Amino acid sequence: MCREVDIYMEFELNTYDVIVVGAGHAGCEAALASARMGCKTLVLAINLDSIAMMACNPSIGGTSKGHLVREIDALGGQMGITTDKTAIQVRMLNTSKGPAVYSLRAQIDKKSYQAVMKQTLEQQDNLDVKQAEVVRLLVGEGAVCGVATHTGAIYRAKAVILTTGVYLNGRVIIGEVSYSSGPNGMFPATHLSQDLLLLGIRLQRFKTGTPARVAGRSIDFSKMALQLGDEPPIPFSFMDDKLDVKQVPCHLTYTNERTHEIIRRNLHRSPLFSGDIKGVGPRYCPSIEDKVVRFADKPSHQIFIEPEGLNTDEMYVQGMSSSLPEDVQIEMLRSIAGLEHVEVMRPAYAIEYDCIDPTQLKLSLEVKHIRGLFTAGQINGSSGYEEAAAQGIMAGINAARMVQGKPPVILDRSQAYIGVLIDDLVTKGTAEPYRMMTSRAEYRLLLRQDNADMRLTPIGYDIGLVSAERYERYLLKKDQVESELERLKSTIIAPDTEVNELLGKLSSQPIKTGVTLYDLLKRPEISYAALAPIDKDRPSGLLQQAIEQVEINVKYEGYIARQMLQIERFKKMEDHKLPDDIDYNAIKGLRIEARQKLDRIRPQSVGQASRISGVSPADISVLLIYLKQHGL
Amino acid sequence: MSETTIAAISTPIGEGGIGIVRLSGPKAIDIADSIFINIKGRKIKDAPNWSILYGHIKDPDAGRDIDEVLVSVMRGPHSYTGEDVVEISGHGGMLPLRRVLEAAIREGAVLAQPGEFTKRAFLNGRIDLAQAESVMDIISAKTDVALTSSIMQLEGKLSRSIEKIRVVLLDVLTHIEALIDYPEEDVDELSTRDMRQKLADEYDSIEKLLATADTGRIIREGLKTAIIGRPNVGKSSLLNALLKADRAIVTDIPGTTRDIIEDYVNVNGIALNIIDTAGIREAADEIERIGIERTRDTVYRADLVIFVLDGSQPLHQDDRVIASLISSKKAIVVLNKSDLGRIVTEAEVNTVLPDAPVIEMSLKEGYGLDDLEGTITDMVYHGKAIASDEAMITNVRHKEALMSAAEALQRCLFSIDDGMPMDLVSIDLKDAIEALGLISGKTVEDEVVDRIFERFCVGK
């Protein structure tokens, strides 16, 4: 039976397959995935004006985050499409550092993004969108069966996905001032944390922050460096061939010794240094005071001024995240070139919130001890819109799969950044808000943003999330890549004058015997486009995306092959599954720490077990021995 | 059933009567066949189970024999591990055993982890868990005792040297990763030239360490020394002089007389293992005839060559032949019979052997011997070989790890020279760091992320 406590009059409303609590970036993807896979879905938000709110920077993508967006898109998610519709500047970063780390990033019109995403939810079949604060989960016999709202409404469901962001017991801190609040002036969720504790879920307290928003007309942009978007801008979604945007610039300025002096003089008023902030903040998102203290010999730090949208004068001051009091913030901002007369519209703030220890989750993002309860996004200890959306789509998929009686979809570390993200969180846990980084992906040469569709669209199609149109596009690209690779391998170029003249022009060695186009393209100095004059039978109408695949596959073949070998070794360990009911305390040879960790985390494979901190290679040997002995 | 074939020396370290290299796994028989030669051309794969074959182990690279051996074959599941097992029994010296092991590894075997044969035996149901655990205990206990041994101290120095290299490589990787993950922040540039220089320097350091693999062996097993020269130049007298009581190594086994072992000489703590002492003695009886083939063979096996000339006679044509044989070896030239007047000069010797130190000696008058000893000591400890207080590779596992790190670094350098972008360089760099980490037991990813935030002021 469901646990129900009558505090006030409760009343039953609808019954759903899946309920999503929260409509941020995780909630939107979760709700859309579930509804698109045929589940009757409800998404609840404390305030419907906060749907898909970008509470921090006005951009989507960047290193590894751009990869996540492409992966979400390839699976049939929404973030890439909405980004393409609302981008106001697009850049491809890292183009000199190798194909695997090319990273797409877009500046976004925040309000448009929210409006487009909200409308997408509203127009989605099978999906209801309602405003309510969830105060309690209905749980019976180890399974979730619904939610109760602050107005007394009860919605029953077979699965519930919590995507509560920073709302759980949110507390905003600005210098010496602090108050209970959600992000950006929203109400916090003040009841649900207590309920989660009662359900035996361990919570931790994290902290994040956002810089000030300032008035554009109070900035002297002439003192700053201009930063423009790429032409032509490249779309995020594999469904879009080109972007039609009028791009706006960002601007770059720097802090200086005077800024740092103001910060040092006021450090005693910072809640981070006085100890008033208890939550753990992320290292990769340091406040300006943190940077000044830790890197004391750095004379200046970069500050980017980014527009919040086209229909607003508000500007985001990237690099100036701070929890110092408002008067200090103003003083330090005004010490910066171009900001001498700046007017702050919204001060920077730090926010503390409750999240869960993600090692309580299965790789499907289901809470281990409560069937049907899934969590995604910041509640799992991550940070970032893209990280949230990536977990959201997986939680949506797996909640729907559970309702439909199908096994979960789990992407592993060799398939997707999404797999790395979820495996890191669930297996290792996190002591700070977790940000995706390309350095975390050991097989990143194969996990490129350009081939996310090749990796994931068939999976999305199999589970009913990818539309027929998207699948057709994928098939066409795949077919073009394969036949073009075949053609390059079988086309032999004879060593005539025309060929060697072209090679000479490209500063490439002349050929003396016949050579395949494939081998010529392998040469670092020769591009696919450059071979056009001697490639007489080149098919017309090849997609640019297909050409890109061909070029990367040929040029980096050796590296790709080596990485494939590494993946083969990795897969062997991943494919060795561990039963759910294994009694680690009965395995004599395991060290105590390993027993406890394995028992708590209950890894799903030997590979996952080997990544748990505190489990040594010797423990893994003992475990393998035990499994063998018991015929597992 | 495991897919790899493992190999290890299965007899205790030390100079035993015989020693065994054991192979276990699906390719045990193939690998053994590829390094084993039976005079009648019999193959291990055709031999009946539990039978023994006699033959030689050859060095697949050099094509020469390493040791005279007996090979026994036990096919799985009726073997200790339950897999195909081949045991190669050779002479007990660590050096030939290790050469046999290295040959097996070159042919595709993987060096066994401590206790791995036992683990496999257990996994294949040959022994039960209690037995397996007790074997594991013994193995780990042995390691604890071994920690105090001098060899482990040498390895401690080695670990520190490797860790130094690893940290430099990790710094380069961290820098690359910071630049990749934070493209728009003011992370210092890393020029291709600087990166190449650093990686090339560490590659050299690894090569230097690998070169000490031989010095490490010398300290443990003796410097293989050839004394060569035309007949009647005084080779035998030199050997006798070196064998004077205070330098000779004697057997000290209860129940036997204290015999001088003719093959070993102690020079300032360095054991010289004199090759072909019989040849030196015999040659004294022969008149005007040098056995060129025999000399060539002796030189080939030697770490150090002592080339004895009669300094009172002009250089003979045969001397020039010998000189050409030893031109690529570490050699010392002794001008014996200097008391009879000096015809041959150091300058003249240096025209044929430019790098060899030249020592004037008169065994009859009793001078020059100290010079020779000093020169030998210098060559081992301070000369081209590495000084004794530096790190030395004394174990095959370390050598294996360093070799794969060196290979990975070489691929990095090729990638840089090919103009590959830094992400592709990072793939092999990670491999190199991981290989070195096998010795220090550390993993890459988490460490890199931590270091990025320690070293660079990044993040928005």
Side-chain angles (χ1 to χ4, degrees), chain A residues 56-57 62-64 91 93-94 96-101 103 105 211 227 252 254 282-286 290-291 294-295 298 300-302 304 318-319 321 428 435 437-442 444-445 524-525 555-556 558-559 562-563 566 572 588-589 613 616-618 621-622 624-626 628-629, chain B residues 3 113-116 118-120 122-125 128-130 132-133 136-137 140 173-174 176-186 408 411 414-415 417-428 430-431 434 441 443-446 448-460:
Chain A
C56 195
N57 54 323
T63 51
S64 77
R91 293 184 67 200
L93 309 173
N94 270 345
S96 66
K97 293 171 196 161
V101 295
S103 303
R105 191 196 53 208
Q227 200 186 39
L252 172 62
Y254 293 91
R283 280 176 300 177
Y284 51 79
C285 200
D290 205 20
K291 291 187 204 173
R294 285 188 47 220
F295 295 90
K298 251 185 110 115
S300 69
H301 297 275
Q302 292 190 139
F304 283 96
Q318 191 220 90
S321 178
K428 299 177 186 167
R435 180 205 198 267
M437 294 170 70
T438 65
S439 336
R440 300 191 197 267
E442 48 277 70
R444 72 180 173 208
L445 184 57
E525 65 279 8
K555 287 228 175 298
Y556 306 110
Y559 298 89
R562 280 212 295 288
Q563 193 121 86
Q566 293 171 347
K572 269 184 204 141
K588 258 175 51 190
S613 69
S616 71
S621 303
V622 172
L624 285 170
I625 288 172
Y626 175 88
K628 188 83 187 182
Q629 194 179 37
Chain B
E3 288 179 18
Q113 304 288 324
E116 199 173 356
T118 306
K119 191 174 106 192
R120 290 190 174 198
F122 173 79
L123 289 178
N124 294 317
D128 68 22
L129 186 59
E133 277 173 352
M136 294 284 193
D137 282 349
S140 52
L173 181 64
T174 302
I176 293 175
E177 299 288 320
L179 282 166
I180 286 174
D181 267 317
Y182 293 94
E184 290 192 310
E185 307 207 20
D186 35 4
R411 287 198 300 270
F414 286 152
S415 296
D417 295 343
D418 274 355
M420 287 290 168
M422 61 170 74
D423 178 40
L424 292 141
V425 177
S426 78
I427 291 174
D428 290 310
K430 244 182 239 174
D431 269 0
E434 238 155 44
T443 57
V444 187
E445 275 83 16
D446 292 341
V448 167
V449 170
D450 287 344
R451 292 175 84 90
I452 288 178
F453 295 118
E454 270 167 33
R455 266 189 61 197
F456 299 102
C457 180
V458 289
K460 297 164 184 177

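Given the structure is predicted, the values throughout are model-derived calculations rather than measurements. Convention: sequence-line order gives letters A, B, ...; per-chain numbering from 1. The figures here come from the full heavy-atom set of this structure, side chains too, leaving out hydrogens, waters and symmetry mates.
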- Contact part of Ser426(B) toward chain A, heavy-atom cut-off under 4.5 Å: side chain, backbone, both or neither? side chain
- chain A contact via Ile180(B) - side chain, backbone, both or neither, heavy atoms under 4.5 Å: both
Of the backbone (N, CA, C, O) and the side chain (C-beta and beyond), which part of [X] lies under 4.5 Å from a heavy atom of chain B, both, or neither?
X: Lys555(A); result: backbone
X: Thr438(A); result: both
X: Ser300(A); result: backbone
X: Glu525(A); result: neither

- So, do Thr174(B) and Ser439(A) sit near enough that their side-chain heavy atoms are less than 4.5 Å apart? no
- Report yes if the side chains of Asp431(B) and Gln566(A) come closer than 4.5 Å at any heavy-atom pair, otherwise no. yes
- Note on the structure: Greatest number of non-hydrogen atom pairs under 4.5 angstrom with chain A, of Val425(B), Leu179(B), Ile176(B), falls to Leu179(B)
- Note on the structure: Contacts of Lys97(A) meeting side chain to side chain donor-acceptor pair (under 3.5 Å) (sequence neighbours excluded), chain-then-number -> Asn94(A)
- side chain to side chain donor-acceptor pair (under 3.5 Å) with Asp418(B): which residues, sequence neighbours excluded? none
- Item | Where Gly98(A) and Pro421(B) come nearest, the two heavy atoms and their spacing | N-CB, 3.2 Å
- Query: Are the side chain of Glu184(B) and the backbone of Leu93(A) linked by a donor-acceptor contact shorter than 3.5 Å?
  - Reply: no
- Looking at NE2 of His301(A) and CD of Glu185(B), how far apart are the two atoms once the value is rounded to the nearest 0.5 Å? 11.0 Å
